[in-house]
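Since the structure comes first, as structure tokens, the remarks are kept for the end.
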Amino acid sequence: MTNNETIVEAKSLSKFYRLPKESLFKKPEVIKAVNDVNFKIIKGKSFGVVGESGSGKSTLARCIMGLERPTAGEVKINSVDIFSLSANELRNMRKQFQMVFQDPFGSLNPRKKILSIIAEPLDVLEKVKKNDRRSRVIDTLKSVGLKETDIEKFPHEFSGGQRQRIAIARALITKPKIIVADEPVSALDVSVQAQVLNLLQDLQDSFGVTYILISHDLAVVKFVCDDVIVMNEGKIVESGSAKEIFTNPKHEYTKTLLEAVPRF
Amino acid sequence: MFNKKNIEFLKRAIKHRSFIVGGSMTLLLIFCAFISLFWTPWDPIKQNLLIRHSPPSWEHLLGTDQFGRDIFSVIMAGSQNSISVGLVSVSIGIIFGVSIGLLASTKRGWVEELIMRLCDFMYAFPAILLAIMLVATIGQGSINAMVAIGIFSIPVFARLTRGAANAIWAREYILASRSAGKGLFRITIEHVLPNILSVIIVQATIQFALAILAEAALSFLGLGAQPPTPSWGRMLSEARSMIYLNPWLAVYPGIAIAISVLGLNLLGDGLRDLVDPRLARKR
Amino acid sequence: MLDIKNLNINLNTVYGDATAVRNLSFKLEKGKTLGIVGESGCGKSLTALAVMGLLPENSWSTGEIIFNNKNLLSLNEDKLCKIRGNSIGMIFQEPMTSLNPLHTIGKQIAEPMILHGKVTRSMIKKEVLNLLDMVGIPDPLKRISSFPHELSGGQRQRVMIAMALSCKPEILIADEPTTALDVTIQKQILDLIKDLIDEFGMSMILISHDLGVIANNVQEIIVMYGGVCVEKGYTKKLINNISHPYSQGLFSAIPTLEMQEDSEQRLKTIPGSVPEITEIPKGCTFQGRCEYVSDICVKNSPNSVKISEDHEAYCFNLDKLN
């Protein structure tokens, strides 16, 4: 893990949205959600994306996940541009990168049992036997701190923190190299946030995954991440090691952001 | 599946007044239709001109009509017609409407636009007028009436499905499923459809009631079930000429229609409350 | 000025009856600020609603809420209406849904003043412009005829503040006023609230799940868990000597910017999760997650233990802790 191998790279990545026309004769307004973004992520490290609402950080996450096609630029995973792949090739590639979402209530289908929720990526991406499938789900479930018996339950039987563990288990089951986590703790109670953050760190130690953590919470990013980019209005305003950025911010915006965090 | 959630549901269902009342009325209708398949007090088709217009008696519970047929038997047999019209037309509406709605919400873009504008176009005509036009083109008869009523309920289901499905597509678990690599078709079948099923079922009961009404109207106009098939709508139309001589002839099928439609509507309302307690009005 | 004695709030939920707030007592003096901090379901928002007389229909409350020598819980709706918005103002969490999208913001700010007869017709516009200017909305003359959707989240919250302050209330209740906002905007709004409180000499109850927000903006803190107060005290004293096991867990579970850079470091956690409102245990509400739990915690509710002047905690095992 010490070699500085690049695992994800974004090259002049841009995503523009066109707003609906206000009048027939005006040109439609364009929102530059992500505007010419470049970065490299090193294998086994945690990469933080910090920004306020409207900074384009969630759009960036969706582009990296291949859920949205960028207007321009490339996302390279292991030196392969994912948008040059066919649908099938991209699907095979997905084993390597998975996502954890913000809202643990919205991200689990309320009508499915935990077994089939967690096994979903497995069902699509790998052909596994029924017994294997079950035992892999149980193993993953245990690694996020839940019980074997939980696989027969439904999402509503769990608390927010437990649901987020389930979502993390779903992302882990294909043994991905990269996990994109979009605000993974911001919907959780304060006392539960710490459990999930610790879990994320433990999992990194045992599986060597690379995290891309998207968050508005500077302290959370500082706790988890090694490298950080700060985004504002679609652009990167500052990038560097977490230590450097949080102790010695260069850009005005980063400074304002840091000053605004309430301390006690 | 008798898990906690389902028991909870049953408990609430038993307490829900309009669900119980509507449900029993609907069950009565189905029961009538089922019994009449094997047995009616008298043959509902056989005419007996000797006992025309006889008043209610123990022999003929609701009396007889102008051809001497036992009204109670005709009404029982007529429920078969109403139910089959409801079943067939609602099935047509669901099969086509739901598929079209799902297609629109899966594909988005111009496909959605086109489908929805077509639905708007169909909405622009009053439903019964549309059915009359259709029957006029494809010819009269029971089956054609069912098809015509089915066709006019397609846009209802299509719109409903698209709206409900769009809401589901915006959920994060769909995004999670997409990032797991699932295709749009599988997501639709595995995630979207099960989550909108309840809404469709509720609409189906209400659409069923509308179909019974529409069929009665078509038969009244002579465009639906042809004689001698017993049909409530045709009973009404036959009673029209006798309205001063024997007004009860019109009242009985009227009550039968009212009970079925009211029952189905109450059932639909009840289901809607039970399926989504947040929408329930305060009682 | 505001004196809450043994407030109990019961809720009638689908899953059965539940006591959402238990035996809560506190005082708020004129010109002072008080913060209630706690996680979801701890009863902090219900307490605020009880003071406003706006509890949901499926609930009932006992105890006393004394405001200017009147028990608010025994007043009828008419009398409450005279107090609401007039002597007690409230700011809600979600500035989009708490403004009516169909009315201009000028009209909405004017409404409470007209309702409580604070201004004459001819003065209304001037007053509204004053208020908009005071809460820092640029170009008030133009904004007075804007609709809520034309404003940003931060500006909407400023409008809410202008509404709450329009009648110069004696108490301002702010329920998670900045939770829906970005950090930079949050700071602006909190600073604004602080300035205005000082200017008018109002009292404030600030409610938040965010310890940082509470600790920076109020003079006295109440920590709530499972519907009861577990610790309360003057901000400085409490922060410097956090005593209840729950407050300790809560404070150390949060990553802070001051933490040292160290990849091996872990956060302290509170095991388990916040209990559902129907599953709050008898006795100490924190027993299920507390590492110091003993038999007595299950049997009895802890009484207040004085830690220092103006600082108390509700726990049987305080001596074991320190």
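Here is the naming used below: chain letters follow the sequence lines, and residue numbers restart at 1 for every chain.
In this pair, Phe154(A) and His156(A) present their aromatic rings parallel. The plane angle is below 30°, not in the 30 to 60° band. Using cut-offs of 30° and 60° for the angle between ring planes, the Tyr225(C) and Tyr246(C) rings count as tilted.
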Checklist entry - Can you list the steps and then say if Glu176(C) with Lys44(C) is a salt bridge (Lys or Arg N to Asp or Glu O under 4.0 Å)? => result CA-CA 10 Å; Glu176(C) 303 266 10; Lys44(C) 55 190 193 300; 3.8 Å; yes
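Most heavy-atom pairs under 4.5 Å with chain A, from the set Leu181(C), Thr184(C), Val183(C): that is Thr184(C). Interface summary for chain C: among Asp202(A), Leu188(A), Val192(A), the most heavy-atom pairs under 4.5 angstrom belong to Asp202(A). Comparing Leu190(C), Leu267(C), Leu250(C), Ile270(C) by heavy-atom pairs within less than 4.5 Å of chain A, the highest count is held by Leu267(C).
Using a 4.5 Å heavy-atom cut-off against chain A, the contacting residues of residues 272-280 of chain C are Gly272(C), Ser273(C), Val274(C). Close approach to chain A, defined as a heavy atom under 4.5 Å from one of its heavy atoms, is seen in no residue of residues 145-152 of chain C.
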Hey, can you pull the donor-acceptor pairs under 3.5 Å for the side chains in residues 145-152 of chain A, sequence neighbours left out?
unit_1	atom_1	unit_2	atom_2	d
Asp150(A)	OD1	Lys153(A)	NZ	3.2
Asp150(A)	OD2	Lys147(A)	N	3.0
Glu152(A)	OE1	Lys113(A)	NZ	3.4

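Contacts of Ser252(C) classified as side-chain hydrogen bond (donor to acceptor under 3.5 Å, both in side chains), with partners at least two apart in sequence or in another chain: none.
Inter-residue side-chain proximity for Asn240(C) and Tyr234(C) is flagged as unmet; no heavy-atom pair is nearer than 4.5 Å. Taking the side chain as every heavy atom from C-beta outward, Pro262(A) and Gln186(C) approach each other to under 4.5 Å.
Side chains of Gln102(A) and Ser186(A): a donor on one and an acceptor on the other come within 3.5 Å.
Both the backbone and the side chain of Leu218(A) come within less than 4.5 Å of a heavy atom in chain C. Heavy atoms closer than 4.5 Å to chain A are found in both the backbone and the side chain of Glu39(C).
Among all heavy-atom pairs drawn from Ser247(C) and Glu231(C), the shortest one is OG-OE1, 2.7 Å. Residues Ile117(A) and Pro155(A) share a closest heavy-atom pair of CD1-CG, 3.6 Å.
Both tests hold for Lys15(A) against Tyr17(A): distance to the six-membered ring centre under 6.0 Å, angle to the ring axis within 45°.
Lys57(A) has a carboxylate O that lies under 4.0 Å from a charged side-chain N of Glu183(A), or vice versa, which qualifies the two as a salt bridge.
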